[in-house]
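Scope of the values below: all heavy atoms of this structure, side chains included, with no hydrogens, waters or symmetry mates.
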Amino acid sequence: QVQLVESGGGSVQAGGSLRLSCAASGYLLKNNRMGWFRQAPGKAREGVACIYGATGGTYYVDSVKGRFTISRDNDKNAIYLQMDSMKPEDTAVYYCAAPQYDVGCSRFLAQAAPNYWGQGTQVTVSS
């Protein structure tokens, strides 16, 4: 059974930073990829960032490029999302996710295939 557990959400002022963590069990990151999604109030869930476990290659949605950094620790079977220069529009529930099938980051973030999901963690950025 796959379990994804996020931690690290909270509140921050605009321009500040937060770091999210996601620990996976029942899913081997080094052979796959994982990533982060977010859902703001009244909006659809969107893919944010993805990382390939084997290579560390990354993929970001345009709105977070240069501000967010996804990383991984294969030994801990975990991924992280460092969020810097945060904006009020980054306010959302952030979800850790892993694809159930072998799809690339682009399709994964487009939610083109089924995913495993964490429970979500709230991130609030005040102006």
Side-chain angles (χ1 to χ4, degrees):
Q1 182 180 358
V2 175
Q3 286 191 320
L4 306 174
V5 180
E6 303 103 333
S7 60
S11 298
V12 66
Q13 288 191 328
S17 300
L18 283 175
R19 186 174 187 250
L20 305 181
S21 301
C22 175
S25 59
Y27 187 87
L28 198 57
L29 171 59
K30 68 178 182 180
N31 294 340
N32 292 285
R33 73 278 307 159
M34 289 177 62
W36 295 94
F37 292 73
R38 65 186 180 185
Q39 187 167 20
K43 295 188 177 181
R45 185 166 52 196
E46 66 168 347
V48 175
C50 173
I51 189 165
Y52 289 92
T55 65
T58 57
Y59 189 99
Y60 297 93
V61 66
D62 285 346
S63 60
V64 306
K65 284 181 181 177
R67 300 190 299 119
F68 290 11
T69 304
I70 188 171
S71 60
R72 82 210 193 285
D73 184 333
N74 285 345
D75 290 338
K76 295 183 178 180
N77 215 36
I79 64 169
Y80 309 94
L81 186 67
Q82 177 66 41
M83 302 183 289
D84 299 318
S85 301
M86 297 189 73
K87 304 175 180 180
E89 51 263 44
D90 294 322
T91 295
V93 177
Y94 282 71
Y95 297 91
C96 175
Q100 295 186 24
Y101 302 104
D102 187 14
V103 297
C105 274
S106 179
R107 289 194 67 202
F108 169 53
L109 292 182
Q111 302 180 72
N115 295 327
Y116 300 108
W117 296 97
Q119 81 281 1
T121 186
Q122 177 69 46
V123 170
T124 303
V125 185
S126 58
S127 57

With clusters defined by side-chain heavy atoms of hydrophobic residues (ILVMFWY) lying less than 4.5 Å apart, directly or transitively, does V61 cluster with V123?
yes
Residues 32-40 side chain polar contacts: donor-acceptor under 3.5 Å, at least two apart:
from : atom 1 : to   : atom 2 : distance (Å)
N32  : ND2    : L28  : O      : 2.8
R33  : NE     : V103 : O      : 3.2
R33  : NH1    : D102 : OD1    : 2.9
R38  : NE     : E46  : OE2    : 2.6
R38  : NH1    : D90  : OD1    : 3.0
R38  : NH1    : Y94  : OH     : 3.0
R38  : NH2    : E46  : OE2    : 3.1
R38  : NH2    : S63  : OG     : 3.4
Q39  : NE2    : K43  : O      : 3.1

Taking P99's backbone N and O only, do any of them form a donor-acceptor pair with Y27's side chain (distance below 3.5 Å, no angle check)?
yes
With a 4.5 Å cut-off on side-chain heavy-atom distances among I, L, V, M, F, W and Y, is there a chain of contacts connecting V48 to Y116?
yes
For residues V2 and I51: do they belong to one hydrophobic cluster (side chain heavy atoms under 4.5 Å, members Ile, Leu, Val, Met, Phe, Trp, Tyr)?
yes
Determine the minimum heavy-atom distance between C96 and I79, stating which atoms define it.
SG-CD1, 4.0 Å
Nearest 0.5 angstrom please: Y95 OH to L4 CG, how far?
13.0 Å
For A49 and Y60, the nearest pair of non-hydrogen atoms, with its separation, is CB-CD2, 3.6 Å
Going through the distances and angles, do M83 and R67 end up as a side-chain contact (heavy atoms from CB on, under 4.5 Å)?
CA-CA 6 Å; M83 302 183 289; R67 300 190 299 119; over 6 Å; no
Would you say Y52's side chain and G104's backbone share a donor-acceptor pair under 3.5 angstrom?
no
Closest contact, heavy atoms only, S106 versus Y59
OG-OH, 3.8 Å
Correct closest heavy-atom pair for F108 and C50 would be CD2-SG, 3.6 Å
Which atom pair, heavy atoms only, marks the closest approach of T55 to R72?
C-NH2, 3.9 Å
Answer yes or no: is there a donor N or O on one side and an acceptor on the other, between the side chain of Y80 and the main chain of D73, under 3.5 Å?
no
Note: V125 and T91 closest approach over all heavy atoms is N-OG1, 2.9 Å
To the nearest 0.5 Å, what is the distance between CG (L29) and CG (N74)?
4.5 Å
Donor-acceptor pairs are to be reported for all side-chain atoms of residues 9-26 against protein atoms at under 3.5 Å, with residues two or more places apart or in another chain.
from : atom 1 : to  : atom 2 : distance (Å)
S17  : OG     : D84 : OD1    : 2.7

